[in-house]
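A, B, ... follow the sequence lines: proteins, then strands. Residue 1 opens every chain.
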Amino acid sequence: MVAGWGAKVLFPAFSPSLLFELNQAMSKLFSDRTSQLPDDQRIVMTGVGLTSPNGNNLEDYRAALLAGRSGVRNYNIRYVGDTHAGVCDFEAVKYQSKRDMRRGTRAGTIGIWSAREAIGRSGLDWQNVDKSRVGIYIGITEHGNVETENEIYSISQFNYDTTVWSHHHNPRTVANNPAGEIALNMGITGPHYTIGAACAAGNAGIIQGVQMLRLHECDLAIAGGVSESIHTFGIFASFKSQGALASNADPTKASRPFDKNRNGIVVAEGGCLYILERLSDAKARSANILAEIVSYAINTDATDFVLPNPERQAQCVRLALQRGGVTPEQVDIVSTHATGTTSGDNQETDALRQVFCGSGGGGKTRFNNTKSFIGHTMGAAGALELAGNLPSFEDRVCHATINVDNLDEQCALDGLVINQPQELERVDYILNNSFGMLGINSVLLVRRFA
Amino acid sequence: MTSAEIRNEILDILSDIAPDEDLSGLEDSKSFREQLELDSMDFLDIVMELRKRHRVQIPEEDYGNLASMSSTVTYLEPKMRDIVAA
């Protein structure tokens, strides 16, 4: 495969305009199906806004991932007590009044931060964007648990008198809340809704945005996922009852996918939203393009409430590759979903082995994991984990999976990048896995835009 | 509670409901809406906080009495007379 070599690397002395033309010519050499589509059916990412337990913008987040810096800390929550969590610390008042923060939800605040940051970094002339043509598509694992738990706790202090139940409860817990708060804050009058897809939701939000742009239901999509999950004790208690809540003397070591001594999930909050546009629109405004969406797939295990099914996961990965006209050998980085549970990590590596290791790929594909740094950001995970890998298109470095002191042999995947980042010759394709309970699998394939 | 204590309690509730507002120049005779960005959900918050903090019940037909600080204090005086300020 010779397609897609960066002209900047090959011809460093050429002028910007000539480089652009060379890049355009070389992009035609990409063999995937997306390259053959008309520009108004090709969808590109032109901005990203995020908050993660280890960074509040792409640059800081990427730096933390390359430096091996964890964002997991000790955490205490009502009823459950001491545990660990990935906690975000961003300047929420930059974009939202204290009054609106009090009235809304943490998921709404995370969404507003991410959306505003994404718009600010997209180069769009936001004042003059037609807000009726902007769509908001936000992936969520769950929503409303935080507020319901808070209200039940509140009435418990009043002998369960429901007359002190807050009138804010309904607008806070409707399933569209995080997307609706973004719309309110930014004056967006196009469609807004959330996509409930368990921990596959971050990818699902992006996929929804791609589909709506291709259908011309909107001209600009704000898409990705958010999570406020660390503020509900129920999620911690449920994982604990399931034997799937991580614990470690050192919180930064608690999230350890693929390690022999992993003992569960670290719950985290976070958000990551992308600005998606049709390529024709992005070109018209000379936008900086972070990546192009090549293809995607969502399927269902239909076998268990909780336990994943590696055959269905492998089918989902293959479906995304087939739709994109991309072979496993062409994929440079796979961002794994692995959460740090014994069976889940085994099942995913089994699925990846089926797709990538029997294909004669010669070990070119590299595999990494972001949850080892930040925990499981639930509805944001798919979008956030992809974002941390996007700079690889430019710096050609694959960030690692940290905290692997003793690799579990069952997870020993050829190409797994452990503990230290790895430099690659080039990065053209990144495949992003995100799976969830009730057997939902989502895969997103993106390509360096050249 | 005295009128002054009731006034302080309402100010405390307002500072929770409208944390971005400067309440130092609030004029008691002018309506809250003229001076603060309050909507119907905020007024419900005042009702709710009085219920939670002091078990004071305000029927819906009386909500109009909460238009300004002076009308609120006048309305609440007989209801909160026997409450001891914290």
Worksheet item: Among residues 88-122 of chain A, which residues come closer than 4.5 Å to chain B, judged by heavy atom distances?
Response: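 Against chain B, the residues of residues 88-122 of chain A that fall inside the cut-off (heavy atoms, under 4.5 Å) are A/S97, A/K98, A/R99, A/R102, A/R103.
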If you draw a 6.0 Å radius around [atom1] in [X], do more than 12 non-hydrogen atoms from other residues or ligands fall strictly inside?
{"X": "A/F158", "atom1": "CZ", "answer": "yes"}
{"X": "A/K240", "atom1": "NZ", "answer": "no"}
{"X": "B/Q57", "atom1": "CD", "answer": "yes"}
{"X": "A/E59", "atom1": "CD", "answer": "yes"}

Worksheet item: Any idea which heavy atoms bring A/H168 and B/M41 closest together, and the distance?
Response: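 For A/H168 and B/M41, the tightest heavy-atom pair comes out as ND1-CE, 3.8 Å.
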Item to complete: Select, from B/E49, B/E21, B/R55, the one with the greatest count of heavy-atom pairs under 4.5 Å involving chain A.
Response: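 The candidate making the most pairs under 4.5 Å is B/R55.
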Fill in: Which residues share a ring pair (Phe, Tyr, Trp, His ring centres under 6.0 Å) with A/Y160, sequence neighbours left out
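Partners of A/Y160 under the ring pair (Phe, Tyr, Trp, His ring centres under 6.0 Å) test: none.
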Worksheet entry | chain B contact via A/T163 - which portion, at a heavy-atom distance below 4.5 Å |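 When you check distances to chain B, atoms from both the backbone and side chain of A/T163 fall under 4.5 Å.
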Practice prompt. Please look at B/M48 and chain A and tell me whether the side chain, the backbone, both or neither of the residue comes under 4.5 angstrom of a heavy atom of that chain.
Written response: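 B/M48 touches chain A through side-chain heavy atoms alone.
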